[in-house]
Amino acid sequence: MKQKKKNKLEKIEKDPKKTKPVNVMKKSPILYIIMILIWTALTVFLWYYFVQSFINVPFYEGTNVTKTLRVFATIILVLNAIFVSYFWLNGVKDFIYVIWYYIFKNKLNKRYYEIIETDVSNANDRVLLVYCTCNDFDPFSLERSIQQKYHNFEVVILDDSSDENYKKQIDEFGSKHNIKVVRRENRVGFKAGNINHYLMSEECLAGGGFDYFVILDSDEIIPQNFITECLKYFYAKDNVGIVQANHISTRNRNFFMKLFHVGVNSHWPTYQTMKHFYGFSTMLGHGAMIKSDCYYKAGGFPNLVAEDLCLSIEARSLGYYVAFAPNIICEEEYPIDYVAFKKRHSKWTQGNLEFIKKYTGKITKSKMKWYEKMDIVLFTYNLPLTAIFAFFIFLNLIISPLLHINLGQVYAVWMVVPTIIFFFSPMLNDFITWAFRLNPLRNLMYFICVIILYGSMLTTSLVSALLGMFGKKAKFIVTPKSSQKISVWFALKFQWKEFLLSTILLLLSIFITRSIFPVILIICTGYLSVFLLFFSNKRYNQEQVAKIDKKTSMISLRINKVFQYNQNFTFNNIQSNNIENEDGKSEELNKDIILENSVEVEKPKEDLLVNIETQQKNREDEIENKQENQ
């Protein structure tokens with residue numbers, strides 16, 4: 001059987017590197033050239049001041065300076081200079097990415113016109129929608145995703161669920177819609193293994209197999225024109241192996257989701273468009289269409305937690321590119337509460353660290369462009385490097401005072417300005433997108449809470465990174481889709497690690513430096529994070545959710561108005577001139593509007609919505625009962 005499968009795979013067309021495509025996707029290094037020039041200029045000044053400190057280490061008065069002490073002090077200062085240089089590099093990256101995008105936004109978007117105008121009316125490629133689920137089946141999302149305006153596609157549900165209730169729902173849905181349900185005996189390889197188990201099977205390869213695969217997560221909703229719009233990218237650019245669609249966050253049914261989901265809507269078009277033209281584009285796990293040639297040549301998804309990133313690397317090594325499609329807007333859910341967000345962050349940290357271990361050598365030796373490699377490092381290595389940040393704190397908070405180094409004389413006043421700018425650079429895109437489009441008080445609360453949210457992830461990142469460094473295998477954690485009502489006791493118990501780390505740093509800082517200033521930001525985010533858990537307790541009804549989704553979705557759609565010329569973007573029963581008003585106050589629209597990218601979609605039946613809400617309530621009640629019993 002293995003030989004038979006091998007023969008089938010050998011029939012796939014030749015590697016794109018060995019042919020000369022007529023029209024290919026290309027990238028430019030100009031962004032990273034400018035970025036490096038700016039960073040180099042700043043770093044030269046930085047090291048000029050630090051080198052003076054290396055030569056003449058500033059000790060506190062009365063210190064008995066020995067040769068050994070001077071050597072160790074110099075090492076500490078060199079490590080400080082390296083860390084600040086890397087921090088500034090990441091800050092420059094975020095700053096240039098965002099500013100460049102908004103300066104050249106229209107020009108960049110118009111470069112997509114050639115692709116969007118590609119004729120695929122005669123396309124007859126076989127497409128398979130691959131819906132992945134593991135105890136988180138969402139019939140409403142799948143119901144909408146399968147309503148494709150394309151004639152030659154099939155759907156398969158790959159179910160890794162262990163919960164019998166979910167299995168029953170999936171079987172009933174599959175029977176109702178004549179959709180095949182595939183299960184396996186184990187969960188080897190997590191999501192990657194689940195996908196490979198079927199796509200590599202004789203059953204999937206039979207009859208010549210499929211030409212394209214669409215990867216759907218459980219909460220994913222793709223528009224009706226998803227397949228046809230994705231095909232345009234493959235037809236227009238011969239070396240595109242994966243198309244990653246744009247996303248917005250919808251179904252924001254509590255205050256936690258309402259407050260933070262706007263970050264999703266602003267991040268996707270800005271950062272992914274820039275990566276498409278100037279960096280390393282990557283598949284982001286869902287809402288993506290993969291050319292089967294690319295998938296099989298790459299050997300399928302690597303059995304790692306960051307399977308999407310790893311496949312993107314494998315595809316690029318074969319000469320394929322991942323194209324980002326800003327004109328195809330899918331819907332996803334933001335983590336339902338702080339607990340879910342924290343678990344997802346832990347999964348990302350573990351996955352990225354595993355990726356670094358497995359793929360650093362391959363990236364170094366690959367034939368990718370130097371700026372693509374640099375882009376991978378700057379965006380992927382940050383989460384695991386939290387351990388380095390903790391080490392930097394340890395050096396300056398404990399070691400430096402013990403060595404009697406006067407850091408106040410090392411860091412010049414001018415260094416504070418770029419440091420502050422680069423600290424807030426990751427939020428610059430959110431500020432530009434939402435500052436003048438949403439209520440000022442809501443924006444103020446958002447930015448304060450975002451600092452607390454991501455600042456509080458230091459402990460999670462540190463623990464996950466350290467465990468990974470000491471050999472713990474990365475684990476694929478399914479992000480919870482249901483939420484319990486958070487009690488004070490649960491919140492305090494859930495955040496005990498953050499409280500412990502903050503308290504230790506606070507005591508050390510007071511004892512050694514007689515001040516809390518060196519760790520003020522870390523301890524504040526650690527202690528205040530407990531309040532974020534209660535945000536999900538404020539929940540909204542269906543009408544309120546529709547209004548929340550409509551407001552931010554309309555703004556996101558308006559931002560993408562450059563694509564409206566081809567009439568692919570509409571709201572259900574809403575014309576484009578309803579969203580041209582830049583003040584963001586088009587609020588006279590119907591409250592039950594559902595966002596769609598092309599044509600109207602049949603609204604879900606009322607009994608289906610009721611059923612979903614009932615299932616959600618039952619799951620939440622079950623979780624609360626378990627918590628009370630414990």
- Task: Can you sort out the partners of R111 under side-chain contact (heavy atoms from CB on, under 4.5 Å), two or more places apart, ordered by chain and number?
- Result: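 Checked R111 against side-chain contact (heavy atoms from CB on, under 4.5 Å); matches are L108, F277, Y278.
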Side chains of [X] and [Y]: closer than 4.5 Å at any heavy-atom pair?
X    : Y    : result
V98  : S425 : no
M274 : W100 : yes
F422 : L89  : no
D94  : L428 : no
R539 : K485 : yes
H345 : S461 : yes
F280 : I313 : yes
F355 : V305 : no

- Does atom CH2 of W370 have more than 12 heavy-atom neighbours, drawn from other residues, nucleotides or ligands, at distances under 6.0 Å? yes
Could you check whether any side-chain N or O of [X] sits under 3.5 Å from a backbone N or O of [Y], counting only pairs where one atom can act as donor and the other as acceptor?
X    : Y    : answer
S312 : M283 : yes
H261 : M257 : yes
T63  : F59  : no
R253 : R251 : yes
N265 : S249 : yes
K373 : T364 : yes
D337 : S536 : no
H286 : L284 : yes
T360 : K357 : no
S556 : T552 : yes

Might you point out which heavy atoms bring [X] and [Y] nearest each other, and give the distance in Å?
X    : Y    : value
G285 : E307 : CA-OE2, 4.4 Å
E333 : D219 : N-OD2, 3.1 Å
P58  : Q409 : CB-OE1, 3.5 Å
A192 : F301 : CB-CB, 3.6 Å
M25  : V322 : CE-O, 3.5 Å
C310 : Y359 : SG-CE1, 3.6 Å

Enumerate donor-acceptor pairs with a distance under 3.5 Å from any side-chain N or O in residues 505-530 to protein atoms, sequence neighbours excluded.
from : atom 1 : to   : atom 2 : distance (Å)
S509 : OG     : T513 : OG1    : 3.4
S509 : OG     : S515 : O      : 2.3
T513 : OG1    : S509 : O      : 2.5
T513 : OG1    : S515 : N      : 3.3
T513 : OG1    : S515 : O      : 3.1
R514 : NH1    : F511 : O      : 2.2
S515 : OG     : F517 : N      : 3.0
T525 : OG1    : L521 : O      : 3.1
T525 : OG1    : I522 : O      : 2.9
Y527 : OH     : T503 : N      : 3.3
Y527 : OH     : T503 : OG1    : 2.7
S529 : OG     : Q495 : NE2    : 2.7
S529 : OG     : G526 : O      : 2.8

Note to self: Please determine whether side-chain hydrogen bond (donor to acceptor under 3.5 Å, both in side chains) holds for the pair W268 and E332, giving the CA-CA distance in whole Å, both sets of side-chain angles, and the decisive distance to 0.1 Å.
What the structure shows: CA-CA 12 Å; W268 278 84; E332 64 176 334; 3.2 Å; yes
Do you see a donor-acceptor pair shorter than 3.5 Å between the side chains of [X] and [Y]?
X    : Y    : value
D430 : S266 : yes
W88  : T419 : yes
N252 : D549 : yes
Y334 : T250 : no
S346 : S464 : yes

Could you pull out all residues at least two apart from [X] that satisfy ring pair (Phe, Tyr, Trp, His ring centres under 6.0 Å)?
X    : result
F494 : F490
F324 : none
H404 : none
Y32  : none

Practice item. Give the ring-plane orientation class for H267 versus Y271, where under 30° counts as parallel, over 60° as perpendicular and anything between as tilted. Key: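 Geometry flag for Y271 against H267: parallel rings.
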Could you work out, with salt bridge (charged side-chain N to carboxylate O under 4.0 Å, His left out) as the rule, every residue matching [X], not counting sequence neighbours?
X    : answer
K362 : E314
D217 : K191
K275 : D375

- Message: Using the side chain to side chain donor-acceptor pair (under 3.5 Å) definition, which of the options Y101, Y97, Y102 pairs with N429?
- Response: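 It is Y102, the one option of Y101, Y97, Y102 that forms the side chain to side chain donor-acceptor pair (under 3.5 Å) with N429.
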Exercise for the section: Going by the side-chain contact (heavy atoms from CB on, under 4.5 Å) test, name the single residue among I356, T380, V377, I376 that passes it with I363. Expected result: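 Between I363 and the candidates, side-chain contact (heavy atoms from CB on, under 4.5 Å) is satisfied uniquely by I376.
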Would you mind writing out the side-chain donor-acceptor pairs for residues 67-87 within the sub-3.5 Å range, not counting sequence neighbours?
from : atom 1 : to   : atom 2 : distance (Å)
T74  : OG1    : R70  : O      : 2.8
N80  : OD1    : N396 : ND2    : 3.0
N80  : OD1    : Y411 : OH     : 2.5
N80  : ND2    : I76  : O      : 2.9
N80  : ND2    : N396 : OD1    : 3.0
S85  : OG     : W47  : NE1    : 2.8
S85  : OG     : A81  : O      : 2.7
Y86  : OH     : N382 : OD1    : 3.2

Aromatic ring proximity, centroids under 6.0 angstrom, [Y] and [X]:
X    : Y    : answer
H276 : Y112 : yes
F260 : F256 : yes
Y454 : F341 : yes

Hey, mind stepping through E372 and K27 against salt bridge (Lys or Arg N to Asp or Glu O under 4.0 Å) and telling me if it holds? CA-CA 9 Å; E372 290 181 278; K27 296 177 182 284; 5.1 Å; no
For residues 394-405, the salt bridge (charged side-chain N to carboxylate O under 4.0 Å, His left out) pairs (sequence neighbours left out) are none
Would you mind listing every salt bridge (charged side-chain N to carboxylate O under 4.0 Å, His left out) that reaches into residues 494-507, with sequence neighbours excluded?
->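 Applying salt bridge (charged side-chain N to carboxylate O under 4.0 Å, His left out) to every pair that reaches into residues 494-507, excluding sequence neighbours, yields K342-E498.
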